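Working notes for the structure below.
Quick caveat, the model's predicted, so the values are computed rather than measured.
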Amino acid sequence: MSRRGTMPQALAILMCFILHGSDVFADATGIRFRISLENTPAHIQSQSVKRFALLLSEKAGNRLNVEYYDSASLFRDTDVFSALTEGKVEMAVPGIWHVASFVPDVNIFLLPAFYGRDARENHAVLESDAGKELDARIEDSLGVKVPGKWFDLGYANLYTVKHKLLSLGDIDGLKIRVAGGVANEMRIEAAGARATSIPWPDFPIWLDRGEVDGVLTTHETVRSAELWTHGLRYCLEDRQYFPMYVPMISERVWKILPEDIQRAILEAWEETAAWERDMAAKAQLEARNDLEAHGVEIVVPQRSEILKWRERLGHSQDAIITRVGLDKEFALRAVRSLENQAP
């Protein structure tokens, strides 16, 4: 533990003032602790972080003034990394697709080796030595503290308008929207499709105009946008990858927090993460049921089909590792920890 973490509260607040200026204070008694999210209040991630904020407020009392902001009312996730560095916000929980832009090694979860894997397998990698090292790399690269488990979003699958997909090979020649990330684009293109990045607010218009054939996303995201009203009719539930959110706290703030406040943050996050993972799984299941109720036909590939395509996509893995700037030795260790898991 840093020696700074054991300082009396008054000295900690003084150091916070010196490092960040008066903006760190919400009042005269506590350290300001702003949490920035991009998602709307109804999103499971927002609900979970709000739960964490309330729990942390109870544990820390008036020594920490926790402020929760969703809907990008403070920062978009693309901008929150610099905000953390500049002392404009104390905590954020961006998705791995954003974090990977700054820490390429996060792209391991987008590699073909992870195609079709379940939540348990992804979590096991996070809890392995490779996962612990990845947290350390994020901390060193971004100047942050990762306080615990990552949050789940849910499986990302393929959804189409006119083309019923029975296997991944059926996307050959189709134009598929991806949220971003070169690794995602390359994996989709390795299956024969044309990957394109379209801003999410504009995507329904593209569907209405017939300018895109499908999308890589989750059941919950399709439900939230009611994409069946824009022609989406089919889903290949092949678990392309498992999107997650990474909690991060400004390292400069973390180091001046008293040790008991640091402990309160870690405890509150641990309690919340267990709840969030359970709720995220339930939300995706409820969304799946809603999709089917609105006429979306869902096809679940056989395990043999998943394994066949994981092997085929694997031929592009070295090219993806090189293109996105992954540490190859680290990536291979992460893949080995994945493949060594019991079935």
Side-chain angles (χ1 to χ4, degrees), residues 34-39 43-46 48-49 52 69-70 72 74-86 88-111 113-114 117 119 122-123 125-128 130-156 178-187 197 200 216-218 221 240-254 269 272-273 276-277 280 320-321 323-327 330-331 333-335 338:
R34 293 160 294 184
I35 308 173
S36 174
L37 298 180
E38 185 175 75
N39 283 319
H43 197 284
I44 185 62
Q45 183 223 25
S46 300
S48 301
V49 176
F52 161 75
Y69 300 89
D70 56 32
L74 277 187
F75 298 98
R76 291 185 178 274
D77 280 351
T78 51
D79 303 321
V80 82
F81 301 94
S82 58
L84 284 164
T85 301
E86 295 166 5
K88 296 177 180 178
V89 69
E90 285 68 55
M91 183 174 183
V93 194
I96 59 174
W97 51 96
H98 291 307
V99 183
S101 298
F102 299 90
V103 188
D105 293 320
V106 174
N107 281 297
I108 59 172
F109 295 102
L110 307 181
L111 291 176
F114 285 78
R117 302 286 186 173
N122 282 269
H123 291 161
V125 171
L126 280 174
E127 293 161 8
S128 70
K132 294 182 178 66
E133 182 176 339
L134 182 57
D135 275 350
R137 291 186 179 209
I138 292 171
E139 292 177 336
D140 291 343
S141 297
L142 297 177
V144 297
K145 166 68 178 178
V146 177
K149 292 183 173 68
W150 298 9
F151 275 5
D152 293 351
L153 173 54
Y155 301 110
V178 299
V182 173
N184 264 335
E185 294 173 359
M186 291 181 70
R187 192 185 63 254
S197 294
W200 186 250
L216 172 64
T217 189
T218 71
T221 305
Q240 282 275 326
Y241 76 109
F242 191 67
M244 294 175 282
Y245 297 98
V246 185
M248 50 186 68
I249 299 169
S250 167
E251 182 184 35
R252 292 192 299 172
V253 171
W254 179 259
W269 188 262
T272 306
E276 189 279 341
R277 287 182 173 184
I320 293 174
I321 288 172
R323 174 78 181 279
V324 302
L326 261 166
D327 178 337
F330 171 74
R333 277 195 287 119
V335 169
L338 179 68

Got Trp97 and Val178 here, is their nearest side-chain heavy-atom distance under 4.5 Å? no
Reported CG-to-CD1 distance for the pair Leu110 and Ile96, which is rounded to 0.5 angstrom: 5.0 Å
Is a side-chain N or O of Tyr155 found less than 3.5 angstrom from the main chain of Ala119, in a donor-acceptor match? yes
Donor-acceptor pair, side chain of Arg333 and main chain of Ala130, under 3.5 angstrom: no
Less than 4.5 Å apart, side chain to side chain, heavy atoms only: is that true for Tyr241 and Asn122? no
Checking the side chain of Glu38 only, and the main-chain atoms of Arg76 only, is there a donor and an acceptor separated by less than 3.5 Å? no
Do Asp79 and Lys88 make a side-chain contact, defined as non-hydrogen atoms from C-beta onward lying under 4.5 Å apart? no
Does Glu276 use its side chain to pair, donor to acceptor, with the backbone of Asp152 at less than 3.5 Å? yes
Just so I know, are the side chains of Ile138 and Val246 near enough to count as touching, which here means a heavy-atom distance under 4.5 Å? yes
Tell me, with the steps shown, if Phe81 and Val99 meet side chain to side chain contact (heavy atoms under 4.5 Å, CB included). CA-CA 9 Å; Phe81 301 94; Val99 183; 4.1 Å; yes
Among Ile35, Val80, Val253, Ile249, whose side-chain contact (heavy atoms from CB on, under 4.5 Å) with Val89 holds? Val80
Leu126 side chain reached by Met244 side chain, heavy atoms, under 4.5 Å: yes
Rounded to the nearest 0.5 Å, what's the gap from CG on Leu153 to CD1 on Ile44? Could you check? 10.0 Å
Taking the side chain as C-beta and beyond, is there a heavy-atom pair between Leu37 and Val93 under 4.5 Å? yes
If we count only N and O atoms by modelled type, under 3.5 Å, do the side chains of Asn39 and Tyr245 hold a donor and an acceptor together? yes
Is there side-chain contact between Phe109 and Leu134, with heavy atoms separated by less than 4.5 Å? yes
Once rounded to the nearest 0.5 Å, what's the spacing between atom NE2 of His43 and atom CG of Asp70? 11.5 Å
Between Glu251 and Lys145, is there a salt bridge with N-O shorter than 4.0 Å? no
Check ring-ring contact (aromatic ring centres under 6.0 Å, His included) between His123 and all other residues, then give those that pass, not counting sequence neighbours. Phe242
Heavy-atom side-chain proximity of Met91 to Pro247 below 4.5 angstrom: yes
Rounded distance (nearest 0.5 Å) linking atom OG of Ser197 with atom CG of Asn184: 9.0 Å
Without swapping roles, check the side chain of Asn107 against the backbone of Leu326 for a donor-acceptor pair under 3.5 Å. no
Could you give the distance from CE (Met248) to CH2 (Trp254), rounded to the nearest 0.5 Å? 14.0 Å
Could you check whether atom CZ of Arg323 has more than 12 heavy atoms from other residues, nucleotides or ligands sitting under 6.0 Å from it? no
Under a 3.5 Å distance rule, please check whether Gln45 uses its side chain to pair with a backbone N or O of Gly95 as donor and acceptor. no
Determine yes or no for a side-chain-to-main-chain donor-acceptor pair under 3.5 angstrom, with Arg252 supplying the side chain and Glu90 the backbone. no
Inter-residue atom distance Met186.CE - Ile321.CD1, 0.5 Å rounding: 10.0 Å
